[in-house]
Amino acid sequence: MTDLKATVVAQARACGFDLVDVTSADDFVADREAALERIRDGQMDGLPWYTESRVMRGTSPAELLPGARSIICLGLSYWLAGDADGPSPESAGTAPEPNATGRVARYAWVRDYHRVMKRRMRDLVRALERELSSEVAARWYVDDGPMLDRAAANRAGIGWFGKNSNILNPEFGSWVFLGQIITDLDLKPDAPLKKSCGNCTRCIDDCPTGAIVAPYVVDNSRCISYLTIENRGAIPREMRPLVQDWIFGCDICQDVCPVNRRAREAGQPIPPAALGWEPEGRGRIDLAQLLEMSEDEFRHRFAGTSIMRAKRVGMQRNACVALGNAADGSAIPALAKALAGAEPLVRGHAAWALGRIGGDAAIGVLANAAELETDTAVLEEISDALAESAGG
Ligand code: SF4
Ligand code: SF4
């Protein structure tokens, strides 16, 4: 049994994983109860796919793979060499600079991890089959499957639950993509880590939206990551100023985490996404340019990256919010075009941004749009924006 486990660990490392630990295929009873409670409390509202039946399945490995005996838990760091070039921990939580760029969370600085992780996990299973000269029953998951990835990583000893709900590994911090292979191989489980956040509360104190409502509990409806990515509708008006210049995800509760200061790089990193960052630095995208992109241009620039998940309309909505927060008058022409565009969601947020910028030019654009607009929700945004400009 020891040899088999050593083979799994060696092959996982050869396939490019930084972390590999094993847990049993027993049900995740406590995590199931906690997840069901979060659903019942409404903390997962807005994620319609996150249902009670999904949680039931995802916490019962034997339901996902009949005959399951072990879960191989894997971690792959996405901390890139030279990440200090990007927004620094010290700048986290400060107001946006007037440079009309928006920030992208670090995990999207590399190519879409789902593909890379799944390919490496498939390679690992094939390598084990070759080593063992027999078929290995296996199913593998990243965070888009039903498996509770953090619960599995925690029980296997990959890391402990941080108060920001991320898994923290002593070497790689929380900059880690997690994967799980459920298998019929009988492997000796590893023990959970005997570590915790102790008295630290940095992530809770520094979250700009108060989304970490209690240690280990993130209210999705307040989290910038949810609001800018999975959320398909409007960003609630009271949340928009708090979103600052984030246009895809948010790293603040990870940037301020002391464990992440010592994070190591991946052994075999995922290649960086070819995103053509702005001169201001890696992780920044020109907002006016983003706002004016056609669907073809958007696909051309972001294909193969995690940013595709938010879709063009979502990203343009986010760009409007960031421009409003930057109060950058030079963005008025781009916002005026957006206000005349085809998407009511983008038009509404463009109106909000113009209201935040204020001044004669912005008011003129809003007043013209009020004459032509037919969508009730957008008209309401325009009228509120005009009121804000007049008041401001
Ligand atoms: Fe708060 Fe940002 Fe962390 Fe969400 S990702 S909990 S908004 S700091
Ligand atoms: Fe834990 Fe502190 Fe990191 Fe939050 S900032 S996850 S409390 S160590």
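Atoms within each ligand, like the ligands themselves, are counted from 1 in listed order. Predicted model only: the values in this text are computed from it and were never measured. Any value given below was found using the heavy atoms of this structure, including those in side chains, with hydrogens, waters and symmetry copies removed.
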[X] heavy atoms, cut-off 4.0 Å: which ligand 2 atoms fall inside?
| X | value |
| --- | --- |
| Arg202 | 5 (S) |
| Gly162 | 6 (S) |
| Lys163 | 1 (Fe), 6 (S), 7 (S) |
| Cys197 | 1 (Fe), 6 (S), 7 (S), 8 (S) |
| Cys203 | 4 (Fe), 5 (S), 6 (S), 7 (S) |

Considering non-hydrogen atoms of the protein only, which is the closest contact for [atom], and what is the distance?
| atom | answer |
| --- | --- |
| atom 4 (Fe) of ligand 1 | Cys223 SG, 2.4 Å |
| atom 8 (S) of ligand 1 | Cys253 N, 3.4 Å |
| atom 7 (S) of ligand 1 | Ile224 N, 3.2 Å |

Is there a side-chain contact between Ile270 and Leu76 (heavy atoms, below 4.5 Å)?
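Ile270 vs Leu76: side chains touch.
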Relative to Trp140, does Arg122 satisfy both conditions: NZ or CZ under 6.0 angstrom from the six-membered ring centre, and within 45 degrees of the ring's axis?
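Checked: cation-pi criterion not met.
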Is the terminal nitrogen or CZ of Arg103 (NZ for Lys, CZ for Arg) located under 6.0 angstrom from the six-membered ring centre of Phe248 and within 45° of that ring's axis?
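No; the conditions do not both hold, so Arg103 does not lie above the ring face of Phe248.
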2.8 Å cut-off met by an N, O or S atom of Cys200 to atom 4 (Fe) of ligand 2:
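Given the 2.8 Å cut-off, Cys200 does not count as a ligand of atom 4 (Fe) of ligand 2.
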Taking a hydrophobic cluster as the set of Ile, Leu, Val, Met, Phe, Trp and Tyr residues connected by side-chain heavy atoms closer than 4.5 Å, whether directly or through intermediates, do Leu168 and Leu19 fall within one such cluster?
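No.
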At under 4.0 Å between heavy atoms, is it the side chain or the backbone of Asn164 that contacts ligand 1, or both, or neither?
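The answer is neither; Asn164 stays 4.0 Å or more away.
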Check for a donor-acceptor pair, side chain of Asp251 on one end and backbone N or O of Arg106 on the other, with a separation under 3.5 Å.
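Present.
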If we ignore hydrogens and angles and just use 3.5 Å, is the side chain of Asp143 paired with the main-chain N or O of Asp149 as donor and acceptor?
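No, because the side chain of Asp143 does not come within donor-acceptor range (under 3.5 Å) of the backbone of Asp149.
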Can you tell which of Asp245, Leu287, Ile247, Leu290 makes a side-chain contact (heavy atoms from CB on, under 4.5 Å) with Leu323?
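Exactly one pass, corresponding to Leu287.
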